[in-house]
Amino acid sequence: LSLCLSRAEPSALCEVCEGAEEMPEPLQQCTAWLRAYFCEPGSTGSLPVPAFHHPLLQRDSFTRQVLWTLLNDVKFGEAVSYKQLADLAGNSRAARAVGGAMRSNPIPIIIPCHRVIRSSGDSGNYGGGQLMKEWLLSHEKLQKEKLAR
C-alpha cells in the first residue's frame, strides 16, 4: 500500500466512484473528507466533520468523550499517548479505558485512533494492523513536513 500511494500521482489517488453525487449527504462528506485526508491534508480542517449517527457517539459516556476529544484536540501529524488522551478527556487515571475507546471507534481515520500511541513511543495496537497504523502516522508526518515548507 505505501509503495502504491507514495509513487502514484495525486490525481490517480483521488478518484471517486461514479455516481458520487447520488450518495446521501453524510456519505458525500465522508468521501470528501477521506479524499482530502489522503490527497490534500491541509484542507481537512476547512471541511465539515461528517455527521455521525453511530449509537456509541450519541450516548453520553467516557468513550464518547475520549473519541470527541481525540477528533477535536489531536491534530493532523500529532500523536498522543493513551495517558495524555485520558488527561485531555478529563480522567487522568483512565488510560486503559482510552484503549477500550480506541478499540470501539466506529469511524477509524476520521476519528484518528491511529494517533494514539504508547507512552514509550511505540505505535501500539490498531484494528487495521500495526503496519497500517505506522503507514498512517508516516503519511501524516510526511504531509505535515510538506505543508510546513
Treating D122 as the side-chain partner and R118 as the backbone partner, does any N or O pair qualify as donor plus acceptor under 3.5 Å? no
SG of C30 to CG of L34, rounded to nearest 0.5 Å, is 6.5 Å
Specify the closest pair of heavy atoms between Q29 and P48, including all atoms of both residues, with the distance to one decimal. NE2-CG, 4.1 Å
Shortest non-hydrogen contact from S43 toward S46: O-OG, 2.8 Å
Does NZ in K75 sit with more than 12 non-hydrogen atoms of other residues, nucleotides or ligands closer than 6.0 Å? yes
Can you tell me how far apart CG (N105) and OH (Y126) are? Round to the nearest 0.5 Å. 8.0 Å
Joint hydrophobic cluster, W135 plus I110, side-chain heavy atoms closer than 4.5 Å: yes
Within a strict 4.5 Å, meaning less than it, do heavy atoms of the R35 and E40 side chains meet? no
Would you compute the distance between atom CD of Q143 and atom CZ of F38 and round it to the nearest 0.5 angstrom? 10.5 Å
Hydrophobic clusters here meaning ILVMFWY residues chained together by side-chain heavy-atom distances under 4.5 Å, can you tell me if V116 and L136 are in one? yes
Can you find a side-chain donor-acceptor pair between T69 and Q65 that sits under 3.5 Å? yes
State, with a plain yes or no, whether a side-chain heavy atom of M23 is found less than 4.5 Å away from one of T31. yes
Rounded to the nearest 0.5 Å, what's the gap from CE on M102 to NZ on K133? Could you check? 9.0 Å
Side-chain contact test, heavy atoms from C-beta onward, threshold under 4.5 Å: evaluate it for I109 versus M132 and give yes or no. no
Give a yes or no answer on whether the side chain of S104 reaches the backbone of G100 with a donor-acceptor pair at less than 3.5 Å. yes
Where does the angle between the aromatic ring planes of H139 and Y37 fall among parallel (under 30°), tilted (30 to 60°) and perpendicular (over 60°)? tilted
Contacts table for residues 84-91: side-chain donor-acceptor under 3.5 angstrom, sequence neighbours left out:
| from | atom 1 | to | atom 2 | distance (Å) |
| --- | --- | --- | --- | --- |
| Q84 | OE1 | S81 | N | 2.7 |
| Q84 | OE1 | S81 | OG | 3.3 |
| N91 | OD1 | R93 | N | 3.2 |

dist L142:CG -> L147:CG (nearest 0.5 Å) comes out at 11.0 Å
Is the shortest distance from a Lys or Arg side-chain nitrogen in R115 or E140 to a carboxylate oxygen in the other one below 4.0 Å? yes
To the nearest 0.5 Å, atom SG of C113 lies from atom CG of L67 at 8.0 Å
Going only through I, L, V, M, F, W and Y residues with side-chain contacts under 4.5 Å, is there a path from I117 to Y82? no
Cluster link I107 to V80, ILVMFWY, side chain under 4.5 Å: yes
Atom CG of residue position L47 - does it have more than 12 heavy atoms of other residues, nucleotides or ligands inside 6.0 Å? yes
